[in-house]
Amino acid sequence: MGRTLIEKIIIAHGGGECTGGDVVWMDIDNRSARDFAGANVVGNLEKYGGDSPIDDPDKTFFTFDCNVPANTIPYATNQHRIRLYAREKNLKIWDVNAGIGSHVVIEEGLGKPGTTTIGTDSHLNIMGSVGAFGQGMGDVDTAFAFKSGKVWFQVPNSVRVTLKGMPAPGTEAKDVALAMLKEFGSHTLLGKSVEVCGEWTDQASLSDCITFSSLGTEMGAIIILLAPNQNVLDAFGMKKEEAIYADADATYEKEYVLDISNLEPHLAAPPNPHNVHPVSEYKETAVDGVFIGSCTNGTYEDMAYAAKLLKGRKVADGVMLKVVPATRKTWTRLLHEGLLADLFDAGAIVSNAGCGGCASGQIGMTGLQEIQVSTSNRNFTGKQGKGDTYLAGIGTAVASAVFGRIATVHELEEV
Amino acid sequence: MASLHLKGRLWVLQRDGELISDIDTDMIFHNQYLAITDISKMGQYSFDNLNGFKDFAQLAKPGDMILAGDNFGSGSSRQQAVDCFRCLGVTAIIARSYGAIYKRNAINSAFPVITMQDAKASDFKHLEVVVLDMDKGILGEKKAESMSGVQKDIFFAGGLFEYAETLK
């Protein structure tokens with residue numbers, strides 16, 4: 001019987017001959033905790049970890065990305081508690097200067113195709129972007145993975161979505177993900193492993209894949225898995241035979257086809273990520289602030305695209321443009337290639353690498369009645385402040401910053 | 001040694017002849033008691049926010065089991081919503097389905113949660129004594145799901161971290 005991609009990854013990690021619905025023990029290649037909940041992981045290990053709380057220090061690490069450097073005393077205290085524990089146990093920390101943990105895991109080559117990663121970040125299923133397993137877990141399960149190298153997991157049922165056609169020029173990976181949210185909402189894919197294929201995924205860059213899979217959490221999916229295409233294999237220096245793919249005769253619980261031919265840029269209006277509409281329907285909406293960054297749209301390619309669009313243009317008077325690259329490596333490239341100057345000269349506030357707008361105020365929150373366009377992944381009330389957040393791609397975010405109202409990237413060509 | 005065969009009174013959580021669904025963690029163990037960390041003090045607040053069953057903690061006896069509808073334990077990740085039942089000596093929960101985090105918390109602390117997809121209130125008399133076979137997946141004479149291998153591993157070890165010790 002043919003196996004789906006998630007089944008094959010789990011089988012390759014000690015899960016036995018499992019299929020959707022089975023509950024299995026599986027081996028975890030990368031065991032991580034971040035500054036949020038990381039201190040609880042340490043607490044669990046101190047309480048229950050016994051004499052040997054860490055199975056393998058080389059596979060176990062912390063990533064600080066929520067509140068970096070800490071601007072509240074509880075965060076500072078938690079981060080330092082983790083530092084002291086990590087020093088004692090000889091565990092690696094990607095500290096407050098490193099950036100978003102999930103991106104660091106990909107960048108460092110730890111989260112390569114076919115691997116398994118767990119941690120306390122609910123967007124760790126972003127690893128599906130490279131055909132790898134990733135899952136956010138609570139502090140008890142994460143501590144158990146630190147101690148044993150394993151977690152238990154109910155193998156999800158798999159569905160397949162075929163994307164038909166290619167989007168219109170100026171439409172980004174974010175818009176394709178928003179089209180998925182528009183079609184499926186937050187219930188249809190609930191609890192599923194979602195394999196997505198089609199002409200668009202075949203040619204997508206690693207950055208596109210990351211953006212696309214990062215919104216799986218908002219769709220309620222366990223993970224959005226993309227079979228590694230040539231771009232992704234090249235990014236890890238891997239050959240196709242070294243990655244894991246679904247069997248050709250794999251059977252899926254359900255098959256869906258979503259037509260994305262000539263798809264135009266979309267946004268998710270408040271109050272939730274599946275309230276998706278064409279950007280062109282919101283052109284009258286005045287904007288107070290724009291955020292560019294997050295695990296969804298914080299890669300070098302995202303930042304370089306924003307810089308290209310902003311070069312020689314200015315952010316509208318009275319609009320805050322906040323930019324947070326995902327990782328220090330991205331920051332470094334932007335700095336040395338001069339792209340940072342393009343962002344800065346246009347009027348952007350550029351912060352150090354991290355989660356930025358989604359976490360506790362690293363680059364400021366929104367106030368009551370403040371309207372923000374954000375390239376991140378959640379616009380629930382209160383997530384990024386008291387204001388109203390519209391989720392969109394880089395082009396829409398930049399155009400909205402330049403015009404001071406929601407605008408499409410195509411309008412930028414006119415100025 | 002823990003047993004996969006339980007016998008006890010069955011609390012049928014029903015309203016108007018239907019098993020109650022969506023019993024959330026605030027109905028099980030209200031957030032006003034979250035500061036309590038001593039498990040021996042948790043039992044007295046079990047279900048004290050669930051209409052019709054607010055006297056559960058006074059009336060429950062060790063060995064009792066609970067039958068509920070869909071999505072039992074939805075809501076927050078609070079461990080107290082599992083531990084309050086352990087405190088009272090409740091031995092198992094049987095429900096049509098569970099909130100995902102609740103199910104994980106219960107399994108990790110070796111507390112039996114059994115799924116019975118087509119459970120109905122009319123299948124049992126409230127507080128009748130029933131036998132639960134978690135190995136075969138039978139409650140009284142009705143079919144339920146059996147415990148998974150993973151659930152048994154953790155159940156017999158007495159908890160997730162206790163299971164880790166057995167791996168050495």
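What's counted below: heavy atoms across the whole structure, side chains too, no hydrogens, waters or symmetry copies. Every chain is numbered from 1 and lettered A, B, ... according to where its sequence line falls, protein lines coming before strand lines.
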Going by residue number, which parts of residues 23-53 of chain B are within reach of chain A, meaning a heavy-atom gap below 4.5 Å? none
If I compare all heavy atoms of A:Lys147 with all of B:Ala164, which pair ends up nearest, and what's the gap? CE-CB, 3.8 Å
Can you find a heavy atom in the side chain of B:Leu160 that is under 4.5 Å from one in the side chain of A:Asp141? yes
Parallel, tilted or perpendicular: which one describes the rings of A:Trp25 and B:Tyr163, with boundaries at 30° and 60°? parallel
Should we say atom OH of B:Tyr98 is surrounded by more than 12 heavy atoms from elsewhere, each under 6.0 Å from it? yes
Nearest atoms (heavy-atom pairs only) where A:Tyr48 meets B:Glu165: O-OE2, 4.5 Å
Are side-chain N/O atoms of A:Trp152 and B:Asp153 paired as donor and acceptor at under 3.5 Å? no
Is any residue of residues 116-144 of chain B within less than 4.5 Å of chain A by heavy atoms, and which ones? none
Measure B:Leu167 against the heavy atoms of chain A and call it side chain, backbone, both or neither at under 4.5 Å. side chain
Greater than 12 external heavy atoms within 6.0 Å of B:Glu18's CD: no
Check each atom of A:Lys47 against the heavy atoms of chain B and say whether the ones under 4.5 Å are side chain, backbone, both or neither. neither
